[in-house]
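These notes are about the structure you will find just below.
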Amino acid sequence: IVRGEAAWAWDPARIEHWGNEVDLVHQGQALRIDRLVCERGNGVGTGAWWVIDFKSHEAPHTVAAHREQLLGYRAALLANEPTQPVRLAFITAQGRFIELDP
């Protein structure tokens, strides 16, 4: 996974902040994000935040519950960082990086 399509999410030259198993509470619900990274900005500030969820399913973007989970993570982050874009993606057990369309 760290050498495939999503290798950039572990590259310190590309990411400014990162965390694994990031705990959040949003609207009274405990959440845990598998991987949260912030891309390095273009000199104007930080880049986009990425919520990355690991799934064993080979096409997690086709599962409504998985999509809803990521959308919930986005809502929680936007409640804390409303000025930064938040992008969503899955990484599958096969190493595919699948961005969820906003």
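In this chain, residues are counted from 1 in sequence order. Every heavy atom of this structure was used, including side-chain atoms; hydrogens, water molecules and symmetry mates were not.
Legend: residues meeting salt bridge (Lys or Arg N to Asp or Glu O under 4.0 Å) with R3, ordered by chain and number and at least two apart, are absent. By the salt bridge (Lys or Arg N to Asp or Glu O under 4.0 Å) test, R14 pairs with E39, sequence neighbours left out. By the salt bridge (Lys or Arg N to Asp or Glu O under 4.0 Å) test, R87 is found to be paired with E99, residues two or more places apart in sequence or in another chain being considered.
W8 is listed as a side-chain neighbour of V37, based on a closest heavy-atom distance under 4.5 Å. The shortest side-chain heavy-atom distance between L100 and R67 falls under the 4.5 Å cut-off. Using a 4.5 Å cut-off on side-chain heavy atoms (C-beta onward), R96 and F90 make no contact. Inter-residue side-chain proximity for L36 and Y73 is flagged as unmet; no heavy-atom pair is nearer than 4.5 Å. Side chains of K55 and T92 form no contact here, defined as non-hydrogen atoms less than 4.5 Å apart.
Distance check: Q69 CD to I33 CD1 gives 9.5 Å after rounding to the nearest 0.5 Å. Distance CG/L77 to CH2/W50: 13.5 Å, rounded to 0.5 Å. In this structure, NE2 in H17 is found 10.0 Å from CD1 in I15, a value given to the nearest 0.5 Å. To the nearest 0.5 angstrom, I98 atom CD1 is 11.5 Å from D53 atom CG.
Grouping the Ile, Leu, Val, Met, Phe, Trp and Tyr side chains by contacts below 4.5 angstrom, directly or via other members, places I91 apart from V63.
Closest approach of G47 and Q84 over heavy atoms only: O-NE2, 3.2 Å. Shortest non-hydrogen contact noted between D34 and F54 is OD2-N, 2.8 Å. Annotation for A9 and I52: closest pair CB-CD1, 3.7 Å, computed over non-hydrogen atoms. Of all the heavy atoms in L31 and G72, the pair that sits closest is CD1-O, 4.2 Å.
The local environment of CD in Q29 is sparse, with at most 12 non-hydrogen atoms from other residues, nucleotides or ligands closer than 6.0 Å. Around CD of E58, the count of heavy atoms belonging to other residues, nucleotides or ligands within 6.0 Å does not exceed 12.
By the 30° and 60° cut-offs, the orientation of the rings of H57 relative to H66 is perpendicular.
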